[in-house]
Amino acid sequence: MKKTKRVKAQSNRVYLSEREIPKKWYNIVYDLPEKPKPPINPKTGQPVSIDELSIIFAKSLIEQEISERQWIEIPEEVLKIYLLWRPTPLVRARNLEEALDTPARIYYKYEGVSPSGSHKPNTAVAQAYYNKLEGIEVLTTETGAGQWGSALAFACNYFDLKCKIFMVKASYEQKPYRKVLMQMWGADVTPSPSNETEVGKRILEMDPNSPGSLGIAISEAIEVAIQDEKNRYSLGSVLNHVLLHQTIIGLEAKKQLEKIDEYPTIIIGCVGGGSNFAGISFPFLMDKLYEKKKSLRILAVEPSACPTLTKGIYSYDYGDTSKLTPLLPMYTLGHDFIPPKIHAGGLRYHGMSPIVSKLYADGLIEARAYTQNEIFDAALKFAQTEGIVPAPESAHAIRAVIDEAVRARKENKEEVILFNLSGHGFFDMSAYQDYLSGALEDVVLTDAEIEELTRKLAGYPRP
Ligand SMILES: *Cc1c(COP(=O)(O)O)cnc(C)c1O
């Protein structure tokens, strides 16, 4: 603390009352000048039909997946549960600004206040609700870091649905407490690859010590879901309906910023499959599309160990390892890619949301990649200034925020930076311990490795 300067306590938080919570989700597809291409059936080469998809997903969710309506009503039952932690705070990061000596004003939307500690319940609650409405009894899913699994477990618990979760083995071992949390909310958790599915058995035969991957766990969860009429599969990122549900984040943030007469010049989010990034940015991107805010920059941040947007190719590809999903038009590192065991488990995915991919291909958003040590440096800086321990995933956004704020200082530019703090890192202490003891390795995927991976997609259609 500087002794010579008088300290003035100013408010940091912008509140919304419960009555001001948005009542509709925003569907950006309506506003896109060019729509993303549809998913296609690999056997027929034709767009997948609703019937084909309805073996895997609830019908209402498929309707949302292909919907081109601009606004979709949030059901009262979903709002009721949102109100347990929403509206979430929008916070001015004054202490971080001071530490960086930047003219930039930095705001973050804090999604770590949800019961499971991230943005993921925003879609989990909606998905559980629609499945219940359609008479489904079991939801199966995969989880990487455990964030999605705990969000879905939480949601299923409210709607009296069984929840069966395949958890990537690397995370199952690194984060035993996430598993306990899922079990507290009544879920059944299995490390993946497992012996419970054909896919899992095949992988284990080839490599009994396989650390697993999201791609493999998705295959296991889908395999179980399609075996029973009362089972459906639930995905926590990537798909259009998931991004739709997450727009509550940006819609709230927009109202909060309006209250203090601010509008961002840069919006930053980390990307795994793209859902929290979409959630914070799409309601603002709408203004950019309408030419009102042409200069708004939107930045997606990913790990150098899994550089889907910055180094992947734009191609149709499978969403999972054993090719059970339709082909999706997206940036990808190839469905065989098993990302290195980095600590941001939620960002270890070979693909990217088709909408986010389309926006990137069209030059409407930017992307950047960082290594683990760069990320944890930023996380520590944030914990020491703003007090919150961020999830390693969220720390990717923080790294970029710090770099942009420092640039603003050097260029003496008045930037208004908004970012999504997608979750807290209270379950990530082993990662922080590794970092503090200097044991964290930087993994960067080389160009040769990427070429090798993406060469396998040579025969796949390009969007
Ligand atoms: C899952 C997760 C992510 C990555 O998923 P997206 O769909 O890209 O948002 C980011 N942050 C946290 C805290 C997560 O749990």
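All ligand and atom numbering here is 1-based and tracks the order in the structure. Predicted model only: the values in this text are computed from it and were never measured.
Set against the non-hydrogen atoms of Glu393, the atoms of ligand 1 under 4.0 Å away are 10 (C), 11 (N), 12 (C). The ligand atoms of ligand 1 that sit less than 4.0 angstrom from a heavy atom of Ser422 are 10 (C), 11 (N), 12 (C), 13 (C). With ligand atoms numbered from 1 in the order given, ligand 1 contributes 2 (C), 3 (C), 9 (O), 10 (C), 11 (N), 12 (C), 14 (C) to contacts under 4.0 Å with heavy atoms of His119. Ligand-side atoms of ligand 1 in range of Ser237: 6 (P), 7 (O), range being under 4.0 angstrom from any heavy atom. Every atom of ligand 1 with a heavy atom of Leu347 under 4.0 Å away is listed here by number and element: 4 (C). Listed by atom number, the atoms of ligand 1 under 4.0 Å from Gln147 heavy atoms are 13 (C), 15 (O). Residue Cys270 has at least one heavy-atom neighbour below 4.0 Å for each of these atoms of ligand 1: 10 (C), 11 (N). The Gly423 neighbourhood of ligand 1 comprises atoms 13 (C), with distances under 4.0 Å to a heavy atom of that residue.
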Chi angles and distances behind the salt bridge (Lys or Arg N to Asp or Glu O under 4.0 Å) call for Glu20, Arg86 = CA-CA 10 Å; Glu20 291 170 295; Arg86 306 208 71 88; over 6 Å; no
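Each of Lys59, Gln64, Glu63 was compared with Tyr130 under the side chain to side chain donor-acceptor pair (under 3.5 Å) criterion, and only Gln64 meets it.
Looking at atom 4 (C) of ligand 1, its nearest protein heavy atom turns out to be Gly346 O, 3.5 Å. Here the protein heavy atom with the shortest distance to atom 8 (O) of ligand 1 is Gly272 N, 2.7 Å.
Residues meeting the salt bridge (charged side-chain N to carboxylate O under 4.0 Å, His left out) test with Glu18, sequence neighbours left out: none. The salt bridge (charged side-chain N to carboxylate O under 4.0 Å, His left out) check on Asp336 picks up Lys456, with sequence neighbours excluded.
Note on ligand 1: Gly273 sits in its first shell, one or more heavy atoms being nearer than 4.0 Å.
Separation of the Tyr263 and Phe284 ring centroids falls under the 6.0 Å cut-off. Between Tyr318 and His335, the gap from one ring centroid to the other is short of 6.0 Å.
Contact annotation for Val238 and ligand 1: no heavy atom of the residue comes within less than 4.0 Å of the ligand. Of all the heavy atoms of Asn276, the ones lying under 4.0 Å from any atom of ligand 1 are found in both the backbone and the side chain. With a heavy-atom cut-off of 4.0 Å, Lys120 touches ligand 1 through its side chain alone.
Relative orientation of the Tyr331 and Tyr314 rings is parallel, given thresholds of 30° and 60° on the angle between their planes. Using bins of under 30°, 30° to 60° and over 60° for the plane-to-plane angle, the ring pair Phe427/His424 lands in the parallel bin.
In this structure, the side chains of Trp85 and Pro115 come closer than 4.5 Å at one or more pairs of heavy atoms.
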